[in-house]
> 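Right, I'll just put the structure down here and ask away after.
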Amino acid sequence: MTKVINVDWNRYARKYDMLMRFNPFYQQLQQEVLDRAKKWSISAGDRIADIGAGTGNYSTAIAAIFPQAQVIHVDRDEGMCSVTEVKKQERHLSNLEIWNVSVDELQIEPESLQGCLCIHSLYTFSQPEQLLKAIHSWLKPGGYGIFVDPGRMVKVREWQMAIGWQMVKKYGLRQTLHIMKEGREISHQNQQISKYQANGTYWTHTPEEFEYAIASAGFNITESRLCFRKISDMVVAVKA
Ligand SMILES: C[S@@+](CC[C@H](N)C(=O)[O-])C[C@H]1O[C@@H](n2cnc3c(N)ncnc32)[C@H](O)[C@@H]1O
């Protein structure tokens, strides 16, 4: 079945980094992922891919952590990639390649990657299980994967309340209301995401189903946990 995607990632891109600035749960998740990636053993010339990499909050951080590696940022949205390009220039990340391409057209040499990240992107792809198998084939034996995916429905109101509460404590009510107004596009796109989760266009799963998909792709799972207010599943894995 061909899936029609109507979330406007390009509009989302213009406001996306408000998540990085103001959403404490997004910041915490980024830290949790980077803490795990920092344990990877990466040699000079190794290649690491971030797939569905958005505005590069992970790919740019990984490129900075591993200057000896070549990091490939993959995202099919032009707006997301142009925000990343600005960060790449500002942070002088000459080891970051930005590939503005869909996963459906992605060509990576078998056994050429030492690490791969998919953070909150698998659920949007038309064939996430197939992509997991492809990632497994692109990794070298011993290569690493970190996969995070929102398995459960995104409940926009609950998120607004949770983030709003944290922000009021930090910035006060007036400033919080101003920031929330600025970030309306984020809520709007998340409402769209939630609709596509509800009608089955986007992948939803239990933690067990997520683990199963990753194990079925051939990975050995080294850690599996809930994250991001328990709506997301994180699996850390290795190719044997
Ligand atoms: C929710 S964002 C996650 C971005 C980033 N990983 C993060 O956590 O900040 C999902 C990203 O997947 C990208 N995406 C959706 N479908 C795609 C596809 N078929 N190929 C490549 N990227 C895609 C979107 O453009 C968007 O940037």
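Just so it is clear, the structure is predicted and the values come from calculations on it, not from any experiment. Ligands are counted one by one from 1 in listed order, and the atoms in each one are counted from 1 as well.
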> Among Leu131, Asp75, Val83, which one has a heavy atom closest to atom 26 (C) of ligand 1?
Asp75

> For the residue pair Phe210 and Trp203, establish whether any side-chain heavy-atom pair is separated by less than 4.5 Å.
yes

> Please tell me if the side chains of Lys195 and Asn199 come closer than 4.5 Å, counting only heavy atoms from C-beta onward.
no

> Check for a donor-acceptor pair, side chain of Tyr144 on one end and backbone N or O of Ser41 on the other, with a separation under 3.5 Å.
yes

> Ignoring angles and geometry beyond distance, decide whether Tyr16 reaches within less than 3.5 Å of ligand 1 through its nitrogen or oxygen atoms.
yes

> Determine, using heavy atoms of Val74 and all atoms of ligand 1, whether some pair is separated by less than 4.0 Å.
no

> When you measure from the side chain of Ser102 to the backbone N and O of Glu105, does any donor-acceptor pair fall under 3.5 Å?
no

> Check for me whether Trp99 has a heavy atom closer than 4.0 Å to any atom of ligand 1.
no

> Please determine whether any non-hydrogen atom of Val101 lies less than 4.0 Å from an atom of ligand 1.
yes

> Applying a 4.0 Å heavy-atom criterion (strictly less than), which segment of Ala53 is in contact with ligand 1: side chain, backbone, both, or neither?
backbone

> Between the candidates Ile119, Ile51, Ile193, Asp50, which shows the shortest non-hydrogen contact distance to atom 8 (O) of ligand 1?
Ile119

> Flag Met80 as yes when one of its N or O atoms lies below 3.5 Å from any N or O atom of ligand 1, and as no otherwise.
no

> Please indicate whether any nitrogen or oxygen in Trp9 is less than 3.5 Å from any nitrogen or oxygen in ligand 1.
no

> Please check whether Arg76 reaches ligand 1 - meaning an N/O of the residue sits under 3.5 Å from an N/O of the ligand, judged on distance alone.
yes

> Looking at Thr84 and Gly54, would you say the former's side chain and the latter's main chain have a donor-acceptor pair under 3.5 Å?
yes

> Report, one line per pair, each donor and acceptor closer than 3.5 Å where one atom sits in a side chain of residues 65-72; sequence neighbours left out.
from  : atom 1 : to    : atom 2 : distance (Å)
Gln68 : NE2    : Ile42 : O      : 2.9
Gln70 : NE2    : Glu97 : OE2    : 3.0

> Relative to the heavy atoms of His120, which atoms of ligand 1 are at a distance of less than 4.0 Å?
1 (C), 2 (S), 3 (C), 10 (C)

> With a 4.0 Å cut-off on N to O distance, would you call Lys239 and Glu111 a salt bridge?
yes

> Is there a nitrogen or oxygen of Asp104 sitting under 3.5 Å from a nitrogen or oxygen of ligand 1?
no

> Name the orientation class of the two ring planes belonging to Phe219 and Phe147 (parallel below 30°, tilted from 30 to 60°, perpendicular beyond 60°).
perpendicular

> How are the rings of Trp159 and Phe228 set relative to one another: parallel (under 30°), tilted (30 to 60°) or perpendicular (over 60°)?
tilted

> Could you pull out all residues at least two apart from Gln160 that satisfy side-chain hydrogen bond (donor to acceptor under 3.5 Å, both in side chains)?
Arg157, Ser187

> What atoms of ligand 1 come within less than 4.0 Å of a heavy atom belonging to Tyr123?
1 (C)

> Any heavy atom of Tyr26 sitting closer than 4.0 Å to ligand 1?
yes

> Specify side chain, backbone, both or neither for Phe125, according to which of its non-hydrogen atoms lie closer than 4.0 Å to ligand 1.
side chain

> By number and element, which atoms of ligand 1 are closer than 4.0 Å to a non-hydrogen atom of Asp77?
25 (O)

